[in-house]
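For reference, the structure is listed below as structure tokens.
Computation of the quantities below employed the complete heavy-atom set of this structure, encompassing side-chain atoms and omitting hydrogens, waters and symmetry-equivalent molecules. Residues take their numbers from the sequence shown, with the count starting at 1. Computed from a predicted model, the values in this text were never measured in an experiment.
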Amino acid sequence: MCGICGWVDYERDLADPAARRELADMTATMACRGPDDEGTWVDGPAALGHRRLAIIDLPGGRQPMTVRDEGRTGLALVYSGETYNFRELRERLASAGHRFETSSDTEVVLCAHQEWGRDDPRNAVRELNGMFAYAIWDSQARELVLVRDRLGVKPLYYYPTAHGVLFGSEPKAVLANALAERVVDADGLRRVLTWSADAGNAVFRGLREVPPGHVVRVSREGIRELRYWQLEDTGHTDDVPSTVRHVRELLEDTAQRQLVADVPLCTLLSGGLDSSALTALAARHSTEQVRSFAVEFAGYTENFVADEVRPTPDTPYAHAVAEFVGTHHSDITLANEALMDPAVRAAVLHARDLPVVGSGGDMDTSLYLLFQAVRQESTVALSGESADEVFGGYRDFSDADTVAADTFPWLAGRMLNHDMTRSGLLDQSLAKQLDMHSYINDKYRTALAAVPALTGPAAADPHERRMREVCHLFLTHFLPVLLDRKDRMSMAVGLEVRVPFCDHRLVEYVFGTPWSHKRFDGREKSLLRAAAADLLPESVAQRVKSPYPSPQDAGYERWLRAQLSVLLDRPDSPVAPLLDRDALREQLAEPIGHRSGLGARFQLEQILNLDAWCTDYGVALDL
């Protein structure tokens, strides 16, 4: 896992000292993603930068990495991520005549492009199983290829310029180059205020993400985005028992593949079905005792109060799993004071790059602190992220009104009371200009058009057709936001988090199953529960879903309100002109708990984060 960046300018030799300094500045922004090593490479119009977090082949995997054709550099690569099937690919490539100088997966990816991807890079990428974002410069064709994994686990941004392109693992790498403007216009602000992935709008004007499942080809003729993977209708014909067996086979294989590392590895264990199944599989296939970690807030379990979102605390269930499967378990206990530490919150927001709405400041901060503690013991962690989207775990999937709503399901359901655009806190003229309803509706219609049609007997059932849409929306527009958060918070402390439930073979297979299979026992995540039942204590296998924990201490919201009161009195606040100050003061004066506690708190955090982000990045708002 690493941080990458680079620059192509077809009208300039980037070997000149000024360009090299800018490349160094871009690369330096990725230091947290790659604390172990750094490297740069320049060839005329192309410049590549790399920061390394060493996971596999610690001495041999340095980057940028090149491969030579007829005595000269043919391809140069900067790579971030993991290719889990690199050993099988290495054998195939060796049989085809390739000779390897390292045992790293990076060299395998480079040779795969040399063997299969020179005419069309998609042919090489389709061979890879993993999470990755990388850039390859072809010195002979004078072409740059940017590649992102199928689900968007690893981030990659690019910024077209007059004579080429800038790119990086994070916006800050791109923005370190003087050619990139730190401007946010109305469309960028709309993206900030919407919980939905949009690769074409990365908030800063001109900045884009490489879409998941795509390659971007950059040449003198221009820039082209090309898809190499998408979810498709598979015409699923397996019955429920056969489907459960195949899910288990895929989970076993995926767990084995993702345990490969030359550094300490652990699991993130919440005591929920997803992380517990993953931890059990890791313990089953690991040659060493698996370490597991759980997050806990001081006094949370002892003083827990059940609500409609979180019916049970995590800790007792995490302990039950750890004892059942035999992990070496640790609880990471966080104090509210740490969540409110200004230095920690500033580090979190800087790592996040974008003040994404609805993420919850305490959730981002607690993830950061959890990962920081885990990093003291391990360099790689396995996470259960994405199982809810793959197997249908959220309440949104079973709430009839949410499913029927003519919009993104999470905006109709759980996110409704978090949405600052509906709370009356924005300045009325700005809210009218943004017209968020039309913006979201347009994005929703575009997203629906991409859903593959359902075929077979299930196609005659309107509910099956709608659930196909709902599942596709969650996988393509909700999950990428969560994956981005986990990547940013983990890589900010140099921890690689792997997400086995994002294995594309598993996602493809489960997506293709009828909704009736996914709910064959009338409960959420039926297929996963059945596939992992023998691995877990009965109490955990039957546990009702409980989301990632959030502090229940009212002191946290009091602190938020105090910070906002200070913000409203600051004449230099960049976000204050965007707000209806009277409405916000009225809300701050209400008793805590007068509104939906979680939703009201999210709104306050959104405002604070947006203000701090504008200040940190020197954002110019062009509204």
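In summary, Arg190 and Asp185 do not engage in a salt bridge, as defined by a charged side-chain N under 4.0 Å from a carboxylate O. A salt bridge between Glu524 and Lys545 is absent, with no side-chain N of the basic residue lying under 4.0 Å from a carboxylate O of the acidic one. Note on Arg488 versus Asp364: no salt bridge recorded, every NZ/NE/NH1/NH2 to OD/OE distance being 4.0 Å or above. In this structure, Glu469 does not pair ionically with Arg465, as no charged nitrogen and carboxylate oxygen lie closer than 4.0 Å. Salt bridge Arg352/Asp484: present, at least one basic N to carboxylate O contact under 4.0 Å.
The two residues Ala173 and Met30 come nearest to each other via the heavy atoms CB-CE, 3.7 Å. Taking both residues in full, the closest heavy atoms of Pro211 and Arg148 are given as O-CB, 4.0 Å, listed atom of the first, atom of the second, then distance. Across all their heavy atoms, Pro500 and Ser383 have their closest contact at CD-O, 3.4 Å. The shortest non-hydrogen separation linking Arg519 to Phe397 is NH2-CB, 3.9 Å. Closest non-hydrogen pair, Phe304 versus Pro311, comes out as CE2-O, 3.6 Å. Here the closest non-hydrogen pair linking Arg581 and Leu568 is NH1-O, 3.1 Å.
In this structure, the ring of Tyr394 has its center less than 6.0 angstrom from the ring center of Phe478.
Side-chain atoms of His214 come within 3.5 Å of backbone atoms of Pro212 as a donor-acceptor pair (strictly under, hydrogens ignored). Put simply, the side chain of Arg543 gets close to the backbone of Gly271: a donor and an acceptor are under 3.5 Å apart. At least one donor-acceptor pair closer than 3.5 Å links the side chain of Tyr159 to the backbone N or O of Glu181. Judged by distance alone, the side chain of Glu385 and the main-chain N or O of Val497 form no donor-acceptor pair under 3.5 Å. In this structure, the side chain of Trp410 engages the main chain of Trp195 through a donor-acceptor pair within 3.5 Å. Within the 3.5 Å criterion, the main-chain N or O of Val380 finds no donor-acceptor partner in the side chain of Arg498. Side-chain atoms of Trp613 come within 3.5 Å of backbone atoms of Asp353 as a donor-acceptor pair (strictly under, hydrogens ignored). Side chain of Ser366 to backbone of Met363: a donor-acceptor contact under 3.5 angstrom is found. A donor-acceptor contact shorter than 3.5 Å is absent between the side chain of Ser378 and the backbone of Ala381. A donor-acceptor pair under 3.5 Å is absent between the side-chain atoms of Ser276 and the main chain of Leu273, judged by distance alone.
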Check your understanding: Hey, mind stepping through Leu578 and Leu623 against side chain to side chain contact (heavy atoms under 4.5 Å, CB included) and telling me if it holds?
Key -> CA-CA 10 Å; Leu578 309 181; Leu623 306 175; 3.7 Å; yes
Review point. Please walk me through it: do Leu588 and Leu604 pass side chain to side chain contact (heavy atoms under 4.5 Å, CB included)?
Key: CA-CA 9 Å; Leu588 294 178; Leu604 304 184; 4.1 Å; yes
Point to revise | Pair Val499-Leu151, side chain to side chain contact (heavy atoms under 4.5 Å, CB included): steps then yes or no | key: CA-CA 10 Å; Val499 279; Leu151 275 297; over 6 Å; no
Review point. Given Glu605 and Leu608, is the side chain to side chain contact (heavy atoms under 4.5 Å, CB included) satisfied, shown in steps?
Key: CA-CA 5 Å; Glu605 287 173 334; Leu608 283 177; 5.7 Å; no
Exercise for review: Decide side-chain hydrogen bond (donor to acceptor under 3.5 Å, both in side chains) for Thr402 and Asp396; before the verdict, give the C-alpha distance in whole Å, the side-chain angles of both, and the deciding distance to 0.1 Å.
Suggested key: CA-CA 6 Å; Thr402 299; Asp396 295 344; 4.6 Å; no
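Atom CG of residue Leu495 and atom CG of residue Leu53 lie 8.0 Å apart, to the nearest 0.5 angstrom. Here the straight-line distance linking atom CG of Leu231 with atom SG of Cys471 works out to 10.0 Å at 0.5 Å rounding. In this structure, CG on Asp187 lies 5.0 Å from CG on Asn201, to the nearest 0.5 angstrom. For the atom pair Thr279 OG1 and Asp274 CG, the distance stands at 10.5 Å (nearest 0.5 Å). Summarising the geometry, atom CG belonging to Leu354 is positioned 9.0 Å from atom CG belonging to Leu349; distances are rounded to the nearest 0.5 Å. Within the model, atoms CD1 of Ile607 and CG of Leu610 stand 8.5 Å from one another, a figure rounded to the nearest 0.5 Å.
Using a 4.5 Å cut-off on side-chain heavy atoms (C-beta onward), Thr29 and Cys5 make no contact. Using a 4.5 Å cut-off on side-chain heavy atoms (C-beta onward), Ile440 and Phe408 make contact. For the pair Leu475 and Val390, the minimum side-chain heavy-atom distance is below 4.5 Å. Residues Leu189 and Leu430 have side chains in contact (heavy-atom distance under 4.5 Å, counting atoms from C-beta outward). In this structure the side chain of Gln542 reaches within 4.5 angstrom of the side chain of Arg523, judged on heavy atoms. Taking 4.5 Å as the limit, every side-chain heavy atom of Phe204 sits out of range of all side-chain heavy atoms of Val174. You'll find the side chain of Leu207 reaches within 4.5 Å of the side chain of Pro171, heavy atoms only. Side chains of Met491 and Phe371 form no contact here, defined as non-hydrogen atoms less than 4.5 Å apart.
Between the side chains of Arg33 and Ser80, no donor-acceptor pair is found at a separation under 3.5 Å. A donor and an acceptor atom, one from each side chain of Thr333 and Asp331, are nowhere located under 3.5 Å apart. For the residue pair Thr194 / Lys443, no side-chain donor-acceptor distance below 3.5 Å is found, with atom types taken as modelled. With 3.5 Å as the limit, one finds no donor-acceptor pair spanning the side chains of Thr312 and Ser546. A donor and an acceptor atom, one from each side chain of Ser270 and Asp314, are nowhere located under 3.5 Å apart. The closest side-chain donor-acceptor pair between His477 and Ser196, if any, does not fall under 3.5 angstrom.
Around the CD atom of Gln428, the shell of radius 6.0 Å holds no more than 12 heavy atoms that belong to other residues, nucleotides or ligands. Other residues, nucleotides and ligands contribute over 12 non-hydrogen atoms within 6.0 Å of the NE2 atom of His463.
A cation-pi contact, defined as under 6.0 Å to the ring centre and within 45° of the axis, is absent between Arg208 and Phe167.
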